[in-house]
Amino acid sequence: VYRVRDTLLVNIKFRSQDPVKAARIANTVAEVYIRLQREAKQRANSEASGLLKTRVKQLRQTLSDVEQRLETFKARNDIFDSEGHLLLDRQLSREMEALVRVRAETAKTKAEYEQSRRAMLEGSFHGAVSDVLENPLTRVLNQGLTEALRRQAEMQTKYGPRHPAMERITAEVAKAQNALTSHINKIIRGLRTKYRAAKEREAQLAANLVKLKAAVVRHKSTEATYRELDREATATRNLYESMLKRMKQVSETVNLQYADARVVQRASIPKKP
């Protein structure tokens, strides 16, 4: 057997007194060589598949143990997670967001209440907030007062202050004014109630936030242990899935092996020695 110079070709020669035997043995040497290459690869893949199966089985048990420890630790310490975040952390975040919203609402309702109250003390409800000015009943009562004042102004050019018509219109103006003032004061009291309720909610949320922060501080050491167990479980799970995928790939290719060599030209029976 020798290599053809400057090529990857290999020549196989066999000398025999029988020309048929010479050709047959030369061809058989090549065929056996190729078959042995393929069988060696199959054995190697089969051994690798067996080793991978053993490793996958070990990793499956290790993963089960790690996940069990993690779940036991979570149950023992009342730890729950959501989308990769500890529930206590998410609750703290929600409480902080709620407190910001309630504080904004408290500031708004306080400004509305004080603005409307100040306007009424100054004797002009036109400085009040939209809750007062845009109220349908406020508009109706204001229109009634405006109409009464208009008629009173007209009558003042005709009658004296003691005239019965003037007395009636004056009483009507007073009645309309009282009705409007009473209605606006009712709205302002509602604004005050709304402001106080928002203030109470803010105080309650602030108290809850203090308790939650204290709970988070207490759970820091517990959380560190939880994170460590979680990382171990994740790493083991990734390794297991990687090994499982590799095992399936190797198992599927055990019988699909090809030799690195091939017969380019078979030996023919020689016509002369």
Side-chain angles (χ1 to χ4, degrees), residues 33-106 197-262:
Y33 175 77
I34 290 173
R35 186 181 75 245
L36 291 178
Q37 269 201 338
R38 187 166 56 248
E39 289 175 353
K41 286 189 174 184
Q42 288 175 344
R43 281 196 306 273
N45 266 24
S46 181
E47 290 174 3
S49 177
L51 291 173
L52 284 171
K53 286 179 181 179
T54 302
R55 182 58 177 153
V56 165
K57 184 178 179 180
Q58 294 171 346
L59 284 173
R60 185 185 297 118
Q61 184 60 48
T62 302
L63 178 59
S64 177
D65 295 341
V66 171
E67 289 181 337
Q68 183 61 43
R69 289 204 309 272
L70 179 62
E71 293 303 320
T72 302
F73 183 82
K74 287 166 62 177
R76 185 182 299 125
N77 293 278
D78 294 327
I79 295 177
F80 302 93
D81 55 12
S82 175
E83 300 176 1
H85 301 281
L86 289 183
L87 201 60
L88 193 61
D89 290 342
R90 296 184 67 85
Q91 186 178 354
L92 179 62
S93 177
R94 286 195 298 268
E95 289 289 334
M96 293 178 68
E97 292 173 358
L99 182 59
V100 171
R101 290 195 301 269
V102 170
R103 279 177 175 168
E105 181 184 351
T106 302
K199 193 173 181 181
E200 289 177 2
R201 285 199 303 274
E202 179 183 342
Q204 183 63 44
L205 279 173
N208 290 343
L209 194 58
V210 170
K211 293 179 182 178
L212 268 176
K213 286 181 178 179
V216 168
V217 171
R218 289 195 303 271
H219 277 73
K220 280 302 178 184
S221 59
T222 303
E223 180 183 348
T225 305
Y226 165 76
R227 294 296 186 191
E228 183 179 352
L229 285 171
D230 186 56
R231 284 193 296 270
E232 183 182 356
T234 300
T236 306
R237 188 180 303 108
N238 291 339
L239 181 59
Y240 167 71
E241 291 174 353
S242 176
M243 283 290 183
L244 183 63
K245 181 179 179 181
R246 177 62 179 158
M247 183 193 73
K248 290 181 178 179
Q249 290 174 341
V250 171
S251 297
E252 290 173 358
T253 58
V254 166
N255 296 319
L256 299 176
Q257 298 301 319
Y258 298 93
D260 295 325
R262 64 185 177 90

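Starting from 1, each residue takes its place in the sequence as its number.
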With [X] via side chain to side chain contact (heavy atoms under 4.5 Å, CB included) - residues at least two apart:
X    : value
A98  : R101, L205
K199 : T106, Y195
L239 : R55, L59, M243
Q37  : Y33, A259, D260, A261

Salt bridge (Lys or Arg N to Asp or Glu O under 4.0 Å) with [X]: which residues, sequence neighbours excluded?
X    : result
E241 : none
R35  : E39
R103 : E202
R60  : none

Ignoring hydrogens and angles, tell me if any N or O in the side chain of [X] forms a donor-acceptor pair with the backbone of [Y] under 3.5 Å.
X    : Y    : value
S49  : N45  : no
S242 : N238 : no
T234 : D230 : yes

Run the side chain to side chain donor-acceptor pair (under 3.5 Å) test against [X] and tell me which residues pass, sequence neighbours left out.
X    : value
Q68  : T72
E67  : R237
R38  : none
Q204 : N208

Considering all heavy atoms, the nearest V56-M247 contact: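 What the structure gives for the nearest pair is CG2-SD, 4.1 Å.
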Closest non-hydrogen atom pair, L70 against A233: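 Between these two residues, the closest heavy atoms are CD2-CB, 4.3 Å.
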Spatial distance of atom NZ (K41) from atom CG (L36) [nearest 0.5 Å]: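 One gets 13.0 Å once the value is rounded to the nearest 0.5 Å.
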Student check: side-chain heavy atoms of K57 and T54 closer than 4.5 Å: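 With C-beta onward as the side chain, the pair stays apart.
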Student check: side-chain heavy atoms of R246 and Q249 closer than 4.5 Å: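 Side chain of R246 against side chain of Q249, heavy atoms only: contact under 4.5 Å found.
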